[in-house]
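In what follows, a structure is listed as structure tokens, so that the remarks can point back to it.
The shown structure was predicted, so the numbers you read here are calculated from the model rather than taken from an experiment. Every chain is numbered from 1, with letters handed out A, B, ... down the list of sequences.
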Protein chains: 2
Amino acid sequence: MAAYIQTVMETRRYARVLARLRSVGLRPTRQRLALARLLFDGGNRHVTAEQLHSEALEANIRVSLATIYNTLHQFTRAGLLREVVVDHGRAYFDTNTKEHHHFLFEDSGRLQDIPSKGVTVTGLPAAPSGTTVSRIEVIIRLREHGSSQ
Amino acid sequence: MAAYIQTVMETRRYARVLARLRSVGLRPTRQRLALARLLFDGGNRHVTAEQLHSEALEANIRVSLATIYNTLHQFTRAGLLREVVVDHGRAYFDTNTKEHHHFLFEDSGRLQDIPSKGVTVTGLPAAPSGTTVSRIEVIIRLREHGSSQ
DNA sequence: TCAATAGTTTAGAACAATTCCAAACTACTT
DNA sequence: AAGTAGTTTGGAATTGTTCTAAACTATTGA
């Protein structure tokens, strides 16, 4: 019985991810389905390519790192992910594509969403002519105190 | 006469840069003096290591890329520069160390200062406990329209 | 003024994240 | 079932940056 419910939920999740991929015109391949589920089943996340790769391997999904990169970029282009750049070296992909901002823990490089509720930036000059604002990004850099640093 | 004035100004600039290096405890070497002048003579700038390197070579200053990196980091640590991260791959160094924000032209990767006058971010939640805010960074991403993209 | 020394510079190797490539593979169409 | 267009892959290539150990130079103090 529990197993049955399990299966139903499984199937439903699968269908949802599949529909999602189809809707953005990406073939639902084994790899993309698996990665989509790692990314989107569960709460919002910030992952690097390497992280997602190890997660996949741990979950016994055979994917190459090249595919991880391809997929992350395709998903980003499709609006399923958003890329966040906070320190050079690594790119984070955020499963939360809604308007929001970030706390950055400088020591660990970890990111945390700031619910955008009520956060406003005021007093900005107009965008230079010939341009439009594609996004406003607010990053609050945090230093952990008490720690070694 | 013009030449004389030229020389005086030269000397003064030199003295200023030299004092600046001394004051942060860096030996005024040939390379550092030259780079400091490329960076700080003239208005505020945003440079990458590569850019500064080619500029130096064009100005007939023989410096290695390693020294460019060393110098940029030392200057940053000394508070003479501020590092800005906007897209992975390259690090920008900003000669404006005052509190301010940036326009980022997505197509070209170019940065432009936003005079911080009046820009305020409101409605932010408190910093997570155990941390202090080291800086708030606002980046306004711009898309150039009319252009190919 | 010179030698000692501590800080700097350098070329080149090493590194890390990412992209590129061309061949093998697979989902979809007919 | 075959064709084809889209995908995946390992490995090589690229890019920006850091490391290393040897050569060099500014500073100090005799």
Read 5' to 3' with Watson-Crick or G-U pairs under 3.5 Å, [ ] for crossing pairs and | for partners on another strand, DNA chain C gives ||||||||||||||||||||||||||||||
Per-nt protein contacts along nucleotides 14-20 of chain D (heavy atom under 4.0 Å; B base, S backbone sugar-phosphate only, - none) come out as --SBBB-
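Residues forming a side-chain contact (heavy atoms from CB on, under 4.5 Å) with A/S64 (at least two apart in sequence, or on another chain): A/A66, A/T67. Residues that satisfy the side chain to side chain donor-acceptor pair (under 3.5 Å) test with B/E50, not counting sequence neighbours, are absent from this structure. Residues forming a side-chain contact (heavy atoms from CB on, under 4.5 Å) with B/E58 (at least two apart in sequence, or on another chain): B/S54. For A/H102, the ring pair (Phe, Tyr, Trp, His ring centres under 6.0 Å) partners are A/H46, A/H100, not counting sequence neighbours. Not counting sequence neighbours, the partners of A/T120 by the side-chain contact (heavy atoms from CB on, under 4.5 Å) test are B/T122. Taking A/A127 as the reference, A/T131, A/V133, B/L142 meet the side-chain contact (heavy atoms from CB on, under 4.5 Å) condition, with sequence neighbours excluded.
Considering only side-chain N and O atoms, B/R62 lies nowhere under 4.0 angstrom from the phosphate OP1 or OP2 of C/dA11. Distances shown here put every side-chain N or O of A/T67 at or beyond 4.0 Å from the OP1 or OP2 atom of D/dT8.
Contact annotation: the side chain of A/E83 never approaches that of A/Y92 to less than 4.5 Å [non-hydrogen atoms, C-beta and beyond].
The stretch residues 23-34 of chain A touches DNA chain C through A/R27, A/P28, each having a heavy atom within less than 4.0 Å of the strand.
In this structure, the NE2 atom of A/H53 is 15 Å from the P atom of C/dT19, given to the nearest Å. A straight line from CG of B/L57 to C1' of C/dT9 spans 15 Å, rounded to a whole angstrom. Atom pair A/L21:CG and D/dT8:C1' shows a separation of 15 Å (rounding to whole Å applied). Distance, B/F75 CZ to C/dT8 P: 11 Å, rounded to whole Å.
The existence of a salt bridge linking A/R45 and A/E55 is confirmed by a sub-4.0 Å separation between a basic side-chain nitrogen and an acidic carboxylate oxygen.
Side-chain heavy-atom separations under 4.5 angstrom define the hydrophobic clusters, and the remaining members of the one that includes A/L72 are A/Y14, A/V17, A/L18, A/L21, A/V24, A/L26, A/L33, A/L35, A/L38, A/L39, A/F40, A/V47, A/L52, A/I61, A/V63, A/L65, A/I68, A/Y69, A/F75, A/L80, A/L81, A/F93. Cluster note: B/V85 groups with A/V85 through ILVMFWY side-chain heavy atoms spaced under 4.5 Å, whether in direct contact or through intervening members.
Annotation: side-chain hydrogen bond (donor to acceptor under 3.5 Å, both in side chains) contacts involving residues 15-32 of chain B, sequence neighbours excluded, comprise B/R32-B/Q74.
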